[in-house]
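These notes are about the structure you will find just below.
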2 protein chains.
Amino acid sequence: MARKITAKDVAERAGVSRSAVSRAFRSDRSLSDDKRVRVIEAARALGYVSPAAQAVASVTTGTITLVAGDLENPFYPVAAAELSQAIHAAGRRLILHTVPPDMDVDAVLQQVLDYRSDAAIVTSAHMSSRIARTCRDAGMPVILFNRVQPDAAMTAVTCDNYAGGRLAAQHFARLDRQRIAMVGGSADTSTHIERSRGFRDALTALGRPLTAAPDGAYRYDTAFAAARALFDGPNPPDAVFALNDVMALAVVDAAREAGLGVPDDVAIIGFDDIPMAAWPSYRLTTIRQPLRRMVAETLDLIDAQKADPTVGGTIRILPVEMIRRETA
Amino acid sequence: MARKITAKDVAERAGVSRSAVSRAFRSDRSLSDDKRVRVIEAARALGYVSPAAQAVASVTTGTITLVAGDLENPFYPVAAAELSQAIHAAGRRLILHTVPPDMDVDAVLQQVLDYRSDAAIVTSAHMSSRIARTCRDAGMPVILFNRVQPDAAMTAVTCDNYAGGRLAAQHFARLDRQRIAMVGGSADTSTHIERSRGFRDALTALGRPLTAAPDGAYRYDTAFAAARALFDGPNPPDAVFALNDVMALAVVDAAREAGLGVPDDVAIIGFDDIPMAAWPSYRLTTIRQPLRRMVAETLDLIDAQKADPTVGGTIRILPVEMIRRETA
DNA sequence: CCACGGATTGAAATGTTTTCAAGTCACCTC
DNA sequence: GAGGTGACTTGAAAACATTTCAATCCGTGG
């Protein structure tokens, strides 16, 4: 067997004393940053793990961390439950780190890195390329779930949001609706951008105008207010595409409150297919995200990237389907 | 300054070699259990922390672990979000461990113990007294949230489930309902036991019979089926108390499907006051759990128990109130 | 220009972990 | 039931890692 690698080897390679190596790993403040970087680089190159790191690892191996932002949108708890099940079936454990709205994902990921989780799945907002690279260097795969980020070469799993938007538009055209509106999510999310782009593109191709596109912030209350304004306005829509289901349910409620028949007076389509969409009160027509497949692909990608780090940057886009119920 | 405590001191006190002390803390399998226990006890008595333990602690201090089972019931994601916010505001971090339905809470808690979380909040099913004691010995407070367990002297925070059940019964009496039914949760949970006991006791006191009490398993689909059977049966109820909101919404849907007017033909009351209860489609009358206060009390109890371990065993019961909307 | 103080560093002292060889015990084979 | 086999434990000692300490460096203010 190859001789075991010790702190001395690392020290020699980095051109420092053994003490410095130890300090680098104990996050001792008394060590200059450049020296710490050199040591950590050398340690990586030689495959050295300090006893402290080992102790942490022994407690954290086999865990996958889910970094989630919005737990109020039922899609995420459902996704978390599904992930939890799949991860446990694979003999691993799931940890969920919630990101407070005002907090940076980067800070949380640094956390996750310190925990030496096997991998991170991120469903919340943007992360910097810097932290993405840090994670990659540390050998921790990071997978964006239901999010895409084109700038950093990020691995991601999402459904075909663009195609979903198109499906909705085509269905409204098939129903021959004339005044078609959309309730948007948050303008800076990839899901909003893709879904609305698909919807707009298809409408244009079909020669139908988009009469209104208020912002619903992916939340029930804001979407309800937006929908109410729409229905009370001068040119009420006869079709509304809400960019997620929670907002679609708000639109249904607002339509009923306005005395409009669904789907006769106004057709409504949502996105996600959360469990509530199927409830008898709503029977919402929606674009289904293939949650189970997305989860399976995510775990797949984690293993693939673990085995071969160059896999990074893949984006898996899974097909959506329209579930036609009774609101459109 | 008192001489620093080393592994040698612990070894002497425990009557073992220094090696054994090291092994005890590195979760090395090659050490008999009784010896490990002796070592850990001696270490606790002397206040010794191994470097390995320190390394793990440095990464895990400030974290509170939430052990949750059922993420499908919206009450728990909402509670998790609320907890997450409060915990972050206190400068700590929240980790969520999901418990797969077939898995033991004990095993998960052992996990959490190994992580050296500052505290654990448990919302899922029963835990053994053995693990409870282990956690207490390790100095990790465990708080049951929305659960009570009378056997082990467990610290717990819950709302006044019994009073909530009474409130529902009294309201039905006020509405002069004659055929009163209940849709139960899971018979082995403390929430089911308390809520149904309060409801039954108050009905008896008011001289009204309970005509039926099917099992709804705290889930939408089973509750929907149970309610449908109730309304299609020979003696359909004119009032239904569902032991949580998700089931209450199912009962509303089932009533509407059966062509019954709510609340005229059948009055319906839920429990929890999840956000959906307020949605215009339902406007559910329900018993509100004081979630924010429950969260605050939970964090309070964690700190109190951290400061003084004898606090263990406290049960804080917070008052509920009935939110009257339009289903009863 | 010098005294001071804090940050940084390697050598050495102090601790911890791992290896190794020996001991123990349960279980299987004959 | 004797003896063999292998897995598990164990303490001593070797190998390692961490911390202490004294020395050095460097910037700051007098």
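All figures in this text were calculated on a predicted structure; none of them were measured in a lab. All values below were derived from every heavy atom in this structure, side-chain atoms included, with hydrogens, water molecules and symmetry-related copies excluded. Sequence lines set the chain letters: A, B, ... in the order given, protein chains first and strands last, and positions in each chain run from 1.
Taking atom CG on D9(B) and atom P on dT16(C), their separation rounds to 9 Å, with Å as the unit. Atom P of nucleotide dA17(D) and atom CD1 of I5(A) are separated by 11 Å, given to the nearest angstrom. Spacing between atom CD of Q54(B) and atom P of dT17(C) amounts to 10 Å, rounded to whole angstrom units. As rounded to whole Å, 8 Å separates atom P of dC16(D) from atom NZ of K8(A).
Among residues two or more places apart in sequence or in another chain, the side-chain hydrogen bond (donor to acceptor under 3.5 Å, both in side chains) test is passed with E82(A) by R292(A). Partners of D300(A) according to the side-chain hydrogen bond (donor to acceptor under 3.5 Å, both in side chains) rule, which considers only residues two or more places apart in sequence or in another chain, do not exist here. Not counting sequence neighbours, T298(A) has no partner by the side-chain hydrogen bond (donor to acceptor under 3.5 Å, both in side chains) test. Under the side-chain hydrogen bond (donor to acceptor under 3.5 Å, both in side chains) criterion, R18(B) pairs with no residue at all, not counting sequence neighbours.
One finds no side-chain N or O of Y48(B) lying less than 4.0 angstrom from the OP1 or OP2 phosphate oxygen of dG15(C). Between dT18(D) and S22(A), a contact under 4.0 Å exists linking OP1 or OP2 to a side-chain N or O.
Side chains of T155(A) and Q305(A): a donor on one and an acceptor on the other come within 3.5 Å.
The ring pair (Phe, Tyr, Trp, His ring centres under 6.0 Å) analysis of residues 35-74 of chain B, with sequence neighbours excluded, yields the pairs F25(B)-Y48(B).
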Look for any protein N or O under 3.5 Å of an N or O in nucleotides 10-14 of chain C and output each such pair with its distance, or none.
residue, atom, partner, partner atom, Å
dG10(C), OP2, S17(A), OG, 3.0
dG10(C), N7, R23(A), NH2, 2.9
dG10(C), O6, R23(A), NH2, 3.3
dA11(C), N6, S19(A), OG, 3.1

